[in-house]
Amino acid sequence: MQRSREKTERDKMEVQNQCKKRLRVCVATCNRADYSKLAPIMFGIKSHPEDFDLEVVVLGSHLIDDYGNTFRMIEQDDFDIGSKLHTIVRGEDEAAMVESVGLALVKLPDVLQRLRPDILVVHGDRFDALALATAAALMNIRILHLEGGEVSGTIDDSIRHAISKLAHYHACCTRMAEQHLIAMCEDHSRILLAGCPSYDKLLSTHHREDYMDIIKSWLGDKVQERDYIVALQHPVTTDIQHSIKIYGLMLDALLSFNKKTLILFPNIDAGSKEMVRVMRKKGIEQHPNFRAVKHIPFEQFIQLVCHAGCMIGNSSCGVREAGAFGTPVINLGTRQTGRETGENVLHVRDADTQNKIYHALELQFGKRYPCSKIYGDGNAVPRILKFLRTIDLDEPLQKTFCFPPVKDPISQDIDHILETQSALAIDLGGTNLRVAIVCMRGKVVKKYTQPNPKTFEARMHLLLKMCTDAMRDAVCLNCRILGVGVSTGGRVNPQEGVVLHSTKLIQEWSSVDLRTPISDALHLPVWVDNDGNCAALAERKFGHGKGVENFVTVITGTGIGGGIIHHNELVHGSTFCAAELGHIMVSLEGPDCSCGSRGCIEAYASGMALQKEAKRLHDEDLLKVDGMDMKLSEPVTAAHLISAARMGNSKAEAVLNKASTALGVGIVNILHIVNPSLVILSGVLASYYQAPVQRIISERALFSAQSIKVVTSDLEEPALLGAASMVLDYATRRIY
C-alpha cells in the first residue's frame, strides 16, 4: 500500500509537470550591437528548456554583406534561426530608414502569426526595433524592452522612448533609467533593474590568457598591449553633415597621432555611406597604421577594448562596456549626450578642430581608470530569467500607466525587481580591519572584523579576501554593491586613492595605492579618505550634520581627529592635511605629542594621553578611591581615570579638567577660523567632553560664536558609514 501511494504521488507530479506551460519567448535581433546584449539572454533561455521555448528572428543589417553578414555568428552560437527577414532598404539616408521600417512592418505580421510567441524581447533604440515593437503591440503580443529609460543624443532617444511606451515589461540597466521609466508613467511593478546583459559576458571573460593572440590577429605581431586605439564612430541622424565633418577630423587626428588603430565601419544609419566615403578618400584602409573592419566577434572585441590604450568615437560601447575595464575613452560629438558615464570618459562635445581631438588623445592615451559598474554587475541574465518566470499570461494584456504622483523606487521592496543599493565599506584601524555591507539608508547589513596584520602584504591579502567574501554574501543578501569606500588613518590623497603618510598605529602603511588593487580585484570604483574626514561624511549623510551647510566633527578616541564640512563640501586642503584637529597647539610648553610637536590637543585630551596620566597616578598610588572596582590584573585605561574623577578623586578631576580645557580651547580656535554652525563630538570620550566643551565655548569664544551648539554623535559606526557615504553619494552617477 505504501508503494502504491508513492506511485500515485509520482504520477500526479508527472501530470502536473506536463501541464506546466512553457513560456514561448521570441528574441528578435537586428544588428551586431544588439546581439551582444541579447545573446547572453538567449543562452540563458536555451539552458532552461523546462521553462522556456526560444524562437529567434533575424532582420536588419545582420543580413547585409557590407556589414559582415553577422547572422552567421548567431548560427555559430548554435541558435536555430526561425526567420530571416530582409528589411533594409539601401540608401543610408533618412528616406531609406523610413522605408526600412515600413518594409519590416509588411513582413513581420506573417512571422509573428506563425510563431505565436507569448512574449517578444526587443532591445534598445534602433529603427528596426521600433518596427518590431509596433507590430507586436498591434498583434497583442507582450513585449519586454531592454535598456529603456536611458538618455542619449540623436533620433535614438525618441525611438527608445516610443518603444518603452509600447512595451509591457522593461529590463533597464541603471537606477536613473528606472526612474526615467517611472517618470514616463510606466508601471513600477513591471520594471526590472537588471543591469546590462553584455556585462554578464564581458566581466566573466575579459581576463583571457590568449588576449595577446587576439590583439595580434587583428593588428599584427608588433603591436603591444595598451599601445593601440579602437575607433568606432556612427552617424548622428539629426545632424548628418556635422557628424561626417567630425568623422573626418577624427581620422585626421588619428593619422597625426601615429598609433596603431583598429577602426570599425559605422552602422547602417543615414549618413554611414558618406562616412565610409570619407574614410576611403583618406586612404585609411591602405594605411599601415590602420586596420578597418566591418565586424569583430563580441568575445574578441571585449579583449581589444579591454587592453586598448584608448577608445575614440561616439559608440555607446565607449560609455558603457569600456568603463568596466577602466579603458580611457574619448566621446566625440552629441550622440551620447545625457548618457551616464564613468570617470574614464572624456567628452569632446564640440569636436570642431583636429587639434582639439588630438589634444584629447594626448590626455587619454595610455591612462587607466578605476573599473566602473554603472551599467551592470554581471548578474543581469539570472534576474531577467527570474523576471520572465513571474509573468502571468492570464493577467490583462492592456497596459496601465501610473500617472503622478510617481512612486519612490527606493521605498519598494519587491524581491525580483529591486535589490538594495549598497556600498562596501572598509575601516583600517590600528587594531582591527573591518569590512561592512552598508545599504543606502545607513544600515550595516553585515560586518566582518579581523585583527589588522602588521605587514603590508598580509594586510592587503586579508583585506581583499574579506572584500571577496562580502561581495559573495551581498548576492545572497539581495544587495547590489555600487563601489568600495575605504577609511584609514593617516594623511590620504583622495584624488589618487593613496595613503601618503600613516599614523604610528598602522605599520608599513605609507605611500600605499589602495584604489588600484581593490578596483582591479573587485571591478568596482574605489574611494579612499582619512578616518576623520569619513566621520564628517557620515554625519553629513546619516547624522546630526544632515542638512547642515557648515559643521565640524571632532573624533575623541585613541587619538583626536576630525573633519570640516564647509558649504556642504569636505575640506581637504592643498596638501590633504586640513582638519588635523588633534594637532592644533593649545600650549607652547605642553606635553610631547606623537606628531613630534608639543602642546597639541591630542597630547592632552586623547585616550592615549588620558591613559598615560591614569598610569602615572596609579603608579603613584593616587588613582584608586574607596568603592572603585579595579582588579589588580586589569590594565589601567582612561575609563579608570574618568571613574575615579566621578567618585571624587581630585587628582583625576584635575587631569580631566585640563584635558577638557585643552579640547575646548582648540575647538574655540576652530570656531574662530571656519565659523561652523554646529560641532559634533564623536568617539568613546564624546559623551564625557560634551558638557565641558560647551561651557568653555560659552566662556572663551567670541560673542558671535558662543551660541554654537556642541552635540554628541548618535552614529555607532562613523568610520564605516563615512566610507560607505563616499560610494553612495558619488558612485551612483556622473552625467554629461
Side-chain angles (χ1 to χ4, degrees), residues 31 33 67 91-94 96-97 125-127 151-159 228-285 287 289-294 305 308-322 327-339 341 344-365 735-736:
N31 54 63
Y67 292 88
E92 285 80 16
D93 58 15
E94 296 95 327
M97 290 169 65
D125 49 25
R126 309 293 301 138
F127 57 84
V151 178
S152 66
T154 80
I155 193 66
D156 295 355
D157 252 357
S158 301
I159 293 175
Y228 63 91
I229 297 168
V230 175
L232 181 52
Q233 180 90 355
H234 298 304
V236 178
T237 52
T238 50
D239 194 354
I240 294 172
Q241 292 307 312
H242 185 60
S243 65
I244 294 169
K245 178 186 175 184
I246 291 177
Y247 189 65
L249 293 172
M250 178 191 78
L251 295 177
D252 290 337
L254 289 170
L255 286 165
S256 300
F257 200 66
N258 198 31
K259 288 289 182 182
K260 274 284 186 182
T261 301
L262 180 69
I263 185 165
L264 280 81
F265 277 60
N267 64 21
I268 201 167
D269 281 351
S272 60
K273 186 185 292 184
E274 288 83 355
M275 291 175 74
V276 173
R277 193 175 292 126
V278 169
M279 180 173 70
R280 286 174 173 159
K281 187 177 179 181
K282 294 181 182 292
I284 296 299
E285 289 173 292
H287 196 283
N289 270 354
F290 285 80
R291 173 80 188 277
V293 296
K294 295 176 180 178
V305 172
C310 179
M311 185 174 183
I312 187 170
N314 63 4
S315 168
S316 61
C317 174
V319 300
R320 296 169 69 95
E321 283 83 359
T327 301
V329 172
I330 300 167
N331 178 49
L332 302 177
T334 59
R335 189 171 185 264
Q336 302 299 336
T337 298
R339 286 274 194 197
T341 69
N344 64 308
V345 180
L346 175 64
H347 298 278
V348 187
R349 187 173 184 179
D350 297 319
D352 50 359
T353 66
Q354 173 190 336
N355 187 56
K356 191 179 289 186
I357 300 172
Y358 186 90
H359 184 56
L361 284 165
E362 288 183 316
L363 289 173
Q364 286 286 78
F365 186 79
I735 302 176
Y736 172 62

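Positions are given from 1, in the same order as the sequence printed here.
If you take NE2 on H287 and CG on L251, they are separated by 11.0 Å, rounding to the nearest 0.5 Å. Summarising the geometry, atom CD1 belonging to I155 is positioned 7.5 Å from atom CE belonging to M97; distances are rounded to the nearest 0.5 Å. Atoms CG and CD1, on L232 and I312 in that order, are 11.5 Å from each other to the nearest 0.5 Å. A distance of 11.5 Å separates CG of L332 from OG of S243, quoted to the nearest 0.5 Å. One finds the CE atom of M275 at 10.0 Å from the CG atom of D269 (value rounded to the nearest 0.5 Å). The distance from atom CG of N289 to atom OH of Y228, rounded to the nearest 0.5 Å, is 15.0 Å.
I330 has its side chain within reach of L361: a pair of non-hydrogen atoms, C-beta onward, lies under 4.5 Å apart. Residues P235 and I244 have side chains not in contact (no heavy-atom distance under 4.5 Å, counting atoms from C-beta outward). Within the 4.5 Å cutoff, the side chain of K260 has no heavy atoms near those of the F290 side chain. Side-chain contact between R126 and I159: absent, with no pair of heavy atoms (C-beta onward) separated by less than 4.5 Å. Between L363 and Y358, the closest side-chain pair of non-hydrogen atoms is not below 4.5 Å. Looking at M279 and F265, their side chains come closer than 4.5 Å, going by heavy atoms from C-beta outward. T334 has its side chain within reach of V236: a pair of non-hydrogen atoms, C-beta onward, lies under 4.5 Å apart. By the 4.5 Å heavy-atom criterion applied to side chains, F365 and I229 are counted as neighbours.
The main-chain N or O of V329 is found under 3.5 Å from a side-chain atom of Q364 such that the two form a donor-acceptor pair. In this structure, R335 contributes its side chain and N314 its backbone to a donor-acceptor pair below 3.5 Å. Side-chain atoms of K356 come within 3.5 Å of backbone atoms of D350 as a donor-acceptor pair (strictly under, hydrogens ignored). Judged by distance alone, with hydrogens and angles left aside, the side-chain atoms of N344 form a donor-acceptor pair with the main-chain N or O of T327 at under 3.5 Å. A donor-acceptor distance shorter than 3.5 angstrom exists from the side chain of T261 to the backbone of K259, with no hydrogens or angles considered. For E285 (side chain) and A292 (main-chain N/O), no donor-acceptor pair under 3.5 Å exists by modelled atom type.
What you find for G271 and I240 is that their closest heavy atoms are CA-CG2, 3.7 Å. The shortest non-hydrogen separation linking A360 to V348 is CB-CG2, 3.9 Å. Minimum interatomic distance between L262 and V293 (heavy atoms only, all atoms of both residues): CD1-CG2, 4.2 Å. Between V278 and G248, the closest heavy-atom pair is CG1-CA, 3.9 Å. Here the shortest heavy-atom pairing between A351 and L249 reads O-CD1, 3.4 Å.
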D157 vs V151, side-chain contact (heavy atoms from CB on, under 4.5 Å): CA-CA, chis, key distance, verdict: CA-CA 6 Å; D157 252 357; V151 178; 3.8 Å; yes
For side chain to side chain donor-acceptor pair (under 3.5 Å), just list the numbers for Q233 and S315, CA-CA rounded to whole Å, side-chain angles, deciding distance to a tenth of an Å, and then say yes or no. CA-CA 6 Å; Q233 180 90 355; S315 168; over 6 Å; no
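When the side-chain hydrogen bond (donor to acceptor under 3.5 Å, both in side chains) test is applied to K245, no partner is found at least two apart in sequence or on another chain.
Defined by atom type and a distance below 3.5 Å, a donor-acceptor pair is present between the side-chain atoms of Q354 and S256. A side-chain donor-acceptor contact under 3.5 Å links N331 and H347.
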